[in-house]
Every structure is written in C-alpha cells, then in structure tokens.
Amino acid sequence: MRILTCAGLDTLPFRGAWEKICTLVAKRKFSAAQADTRRGMGVRGLDDRERQNCGGSAAGWRVLARAFVLALTLASLGCAMPAARPAAPVTPPEPPVHRIWVVHHGYHSGIVVRAADVAPQAWPARRDFPQAEFLEVGWGDRDYYMAPAPGLWTGVRALLWPTSAVLHVVAFDGPVERYFTELGVIELKLSASGFAALVDAVSDSHERVPAAADARATAAVPPPLGPGLYGVSRFYASRERFHLFRTCNVWIADLLAASGVPLRPRTALTANALFAQLRPHGRVLRDPP
C-alpha cells in the first residue's frame with residue numbers, strides 16, 4: 001500500500017483498516033461465485049446467479065464507498081492539523097564595542113564614558129568640555145549634592161520626600177583608575193545599541209525649557225547650575241526626582257539595565273549593592289576601599 005501524507009500526517013497507522021476492507025470485498029465476491037457453481041446453469045439458476053451477482057456487486061460498491069469516505073475523512077483530519085512552524089531564527093548577540101566604567105565613591109556611584117563616544121549634541125557637557133577625554137556622570141538630590149556642607153535635615157528630607165535632582169559631570173583625561181586613585185573602579189563593555197540607550201537615558205534626564213517664547217519651539221537645556229565638586233566639573237538640572245528608593249546607585253543601575261546589563265536596579269540602593277551585582281559582568285580594576 002502506498003503511504004500518503006497530508007500536512008505532515010502519515011497514513012501508515014490506517015493500513016490495517018484498509019487491508020480489512022479489501023479482504024471483506026474479496027470474500028463477498030468469492031461467496032457469490034460459490035453460489036453460482038452450486039446452483040448450476042439452469043434458467044432458474046441463471047436468474048439466481050444474476051441476482052446473486054447483482055447483490056454481491058452492490059454490497060461491494062457499498063464497501064468501496066465506505067472506504068472512500070473513510071479515506072476522505074482521514075485526509076481531511078490530516079489537512080486540518082496545524083502545520084509545524086519553522087523555528088524562529090536566532091539573532092546573534094551584538095559584539096561589545098564600547099567600554100564604560102563605574103566608580104565607587106563610598107556611598108555614591110558615578111559612571112564614566114569616553115567623551116568622543118558621545119555625540120556633541122547629545123549632552124551639554126560635550127559642548128562645555130570639548131577637549132575632555134572622559135566624562136564622569138553622577139546624579140542625586142539637588143540641594144544635598146550641591147551644598148558645600150549638607151546638614152542632617154537636608155539628607156533626611158532628600159530621602160523621605162521626592163525632591164529635585166541634579167546631574168554632576170566631571171571632565172578629565174588619562175586612565176580612569178589613575179584619576180580616581182583611591183576609589184573602586186569596575187570596567188564594563190556595551191554593544192553599540194546598549195551604549196546608545198545609555199546616552200539617550202542621560203540626555204533625557206536633563207531638564208529642558210522652551211528655547212523661545214513660542215511653546216512650540218524646540219526645548220533646550222538650561223545653563224549649568226554652577227561649578228561641580230571636584231576637578232573640572234559642572235552641575236546640570238535634572239527633570240527626575242530623588243527619593244529613598246531612587247538613589248544615585250539605583251539611577252546608575254537603571255542606566256546599565258537599559259543598556260543590556262542584567263541587573264536588578266531596585267535592589268541596588270547602595271554603592272556596595274551595585275558593585276556586587278556588577279562584578280559578574282565586568283572587570284574590577286580596583287576594589288572599593
């Protein structure tokens with residue numbers, strides 16, 4: 001018997017049923033021939049033989065009709081079965097092409113990038129420090145971060161209530177671990193799309209104001225709020241809010257998670273917690289003190 005398939009259905013399991021049908025048809029024809037032999041060739045025998053043959057032929061056709069219906073049913077069931085879907089192509093991961101660094105400041109963290117990797121129009125610091133080799137970006141509560149000597153109440157208020165935030169950008173040259181001589185430093189590698197996501201996130205964090213009186217005008221970043229805390233640095237207003245569950249370390253963890261680093265930002269409340277999550281994904285250049 002020929003094996004038929006329809007949409008991946010193999011009819012081999014129905015071969016036994018088909019053979020039984022064929023055997024039944026053969027038996028009916030053989031029984032009709034025996035009856036003809038016993039009845040002889042008389043006129044009455046001839047009439048009986050013709051009736052018997054007609055009856056046997058009709059039964060045979062009924063069996064064949066049933067077999068045909070069965071075959072159509074099996075074929076319909078096979079065609080009704082969903083065809084197997086081809087496996088989705090596996091997209092190879094992007095190669096890491098950008099190096100970045102995370103700096104451990106004790107209770108605070110900063111993220112460092114090569115200035116040349118950031119488009120001049122992406123961050124205002126790229127225009128403010130055009131000759132810089134590296135840029136370190138920090139983020140935190142505006143009043144606490146910018147205060148020369150923040151008091152206890154300033155820190156408590158920053159944690160308990162959502163407050164205005166600020167970006168702190170430092171421009172420097174030379175190896176990162178040499179500039180931050182006494183701080184922990186870990187190096188990470190990002191793909192092109194991951195680094196672009198990081199740059200966009202920092203850009204979106206900047207506060208913007210209308211460039212002109214026309215509300216439809218393109219929004220622009222306001223001037224820096226003032227000089228930074230160390231080195232060649234400046235503060236820039238952030239549109240985001242700081243609070244207990246949105247610390248500087250969580251903010252950096254969010255940036256890195258959006259860049260493709262598998263982190264749990266909500267559990268990176270401290271610099272130590274952030275570094276513990278980063279260790280499996282980067283290269284520690286210096287452990288935190």
Side-chain angles (χ1 to χ4, degrees), residues 98-118 122-126 128-129 132-147 150 155 158 165-190 194-195 197-206 224-238 240 242 246-259 261 263 265 268-279 281-289:
H98 291 279
R99 289 192 300 163
I100 66 169
W101 298 263
V102 177
V103 182
H104 188 296
H105 287 267
Y107 66 92
H108 172 78
S109 297
I111 190 166
V112 178
V113 302
R114 291 187 181 276
D117 292 343
V118 180
W123 300 350
R126 276 289 281 123
D128 294 342
F129 307 115
E133 183 180 0
F134 294 98
L135 294 174
E136 185 206 24
V137 181
W139 180 89
D141 175 77
R142 186 176 300 183
D143 291 341
Y144 188 89
Y145 212 164
M146 296 184 65
V166 69
L167 292 153
H168 182 252
V169 182
V170 182
F172 66 94
D173 299 331
V176 178
E177 66 273 21
R178 186 177 301 172
Y179 184 81
F180 298 100
T181 56
E182 299 179 358
L183 302 179
V185 178
I186 189 168
E187 180 185 275
L188 302 169
K189 293 183 179 180
L190 301 181
F195 185 80
L198 184 147
V199 171
D200 289 344
V202 173
S203 177
D204 291 342
S205 181
H206 284 79
L225 297 177
L229 298 178
Y230 51 87
V232 181
S233 58
R234 290 180 182 175
F235 282 109
Y236 299 87
S238 172
E240 299 179 88
F242 179 95
R246 180 70 169 170
T247 66
C248 57
N249 304 298
V250 172
W251 184 80
I252 288 181
D254 275 332
L255 292 183
L256 296 176
S259 305
V261 183
L263 300 179
L269 294 174
T270 66
N272 286 337
L274 175 60
F275 255 62
Q277 291 193 44
L278 290 177
R279 286 181 183 276
H281 311 294
R283 184 169 66 99
V284 177
L285 304 184
R286 185 186 299 115
D287 282 315

Ser205 side-chain N/O to Ser238 backbone N/O, donor-acceptor pair under 3.5 Å: no
Atom CZ of Arg279 with >12 non-hydrogen neighbours under 6.0 angstrom: yes
Met146 side chain near Val166 side chain, heavy-atom distance below 4.5 Å: yes
Check against side chain to side chain contact (heavy atoms under 4.5 Å, CB included), Leu256 and Ile111: CA-CA 9 Å; Leu256 296 176; Ile111 190 166; 3.7 Å; yes
Heavy-atom check, side chain of Phe235 versus side chain of Leu229, under 4.5 Å: yes
Beyond-backbone contact of Asp173 with Phe134, side-chain heavy atoms, under 4.5 angstrom: no
Steps toward side chain to side chain contact (heavy atoms under 4.5 Å, CB included) verdict (His108, Tyr145): CA-CA 10 Å; His108 172 78; Tyr145 212 164; 3.0 Å; yes
Exercise: identify the closest heavy-atom pair between Arg142 and Ala237: NH2-CB, 3.5 Å
Note, Val250 side chain near Trp139 side chain (heavy atom, < 4.5 Å): no
Step-by-step side chain to side chain contact (heavy atoms under 4.5 Å, CB included) determination, Leu255 to Trp251: CA-CA 6 Å; Leu255 292 183; Trp251 184 80; 3.6 Å; yes
Flag side-chain contact, heavy atom, 4.5 Å: Trp123 against Val113: yes
Minimum side-chain heavy-atom gap His104-Val185 below 4.5 Å: no
Asp254 CG to Ser259 OG distance, which is reported to the nearest 0.5 Å: 10.5 Å
Contacts of type side-chain contact (heavy atoms from CB on, under 4.5 Å), residue Pro227, not counting sequence neighbours: none
Interatomic spacing from CG in Leu198 to CG in Leu188 - rounded to 0.5 Å: 10.0 Å
Between Tyr230 and Glu136, a side-chain donor and acceptor under 3.5 Å: yes
Worked check of side-chain hydrogen bond (donor to acceptor under 3.5 Å, both in side chains) between Trp101 and Glu177: CA-CA 9 Å; Trp101 298 263; Glu177 66 273 21; 5.0 Å; no
Value rounded to 0.5 Å, distance of CG in Asp287 from CG in Leu183: 12.5 Å
Side-chain heavy atoms of Leu274 within contact of Val102, under 4.5 Å: yes
Closest heavy-atom pair and its distance - Glu182, Arg286: N-NH1, 4.2 Å
Gap between atom CD of Glu187 and atom CG of Leu285 - 0.5 Å precision: 5.5 Å
Rounded distance (nearest 0.5 Å) linking atom OH of Tyr107 with atom CG of Asn272: 14.0 Å
Spacing of Asp200 atom CG and Phe195 atom CZ [to the nearest 0.5 Å]: 10.5 Å
Short side-chain donor-acceptor distance under 3.5 Å, Asn249 and Ser109: yes
Check: Arg234 side chain, His168 main-chain N or O, donor-acceptor pair, under 3.5 Å: no
Sidechain N-carboxylate O distance under 4.0 Å for Arg246, Glu240: yes
Shortest non-hydrogen contact from Ala268 toward Thr247: O-OG1, 4.2 Å
Any side-chain heavy-atom pair of Ile100 and Val112 under 4.5 Å: no
Which residues share a ring-ring contact (aromatic ring centres under 6.0 Å, His included) with Phe180, sequence neighbours left out: His105, Phe172
Test side-chain contact (heavy atoms from CB on, under 4.5 Å) applied to His206 - qualifying residues, sequence neighbours left out: Pro124, Leu167, Val202, Arg208, Val221, Tyr236
Shortest non-hydrogen contact between Ala122 and Ser203, atoms and distance: O-OG, 3.2 Å
Nearest heavy-atom neighbours spanning Ala273 and Thr270: N-OG1, 3.1 Å
Over all atoms of both residues, closest heavy-atom pair of Pro289 and Gly184: CD-N, 4.1 Å
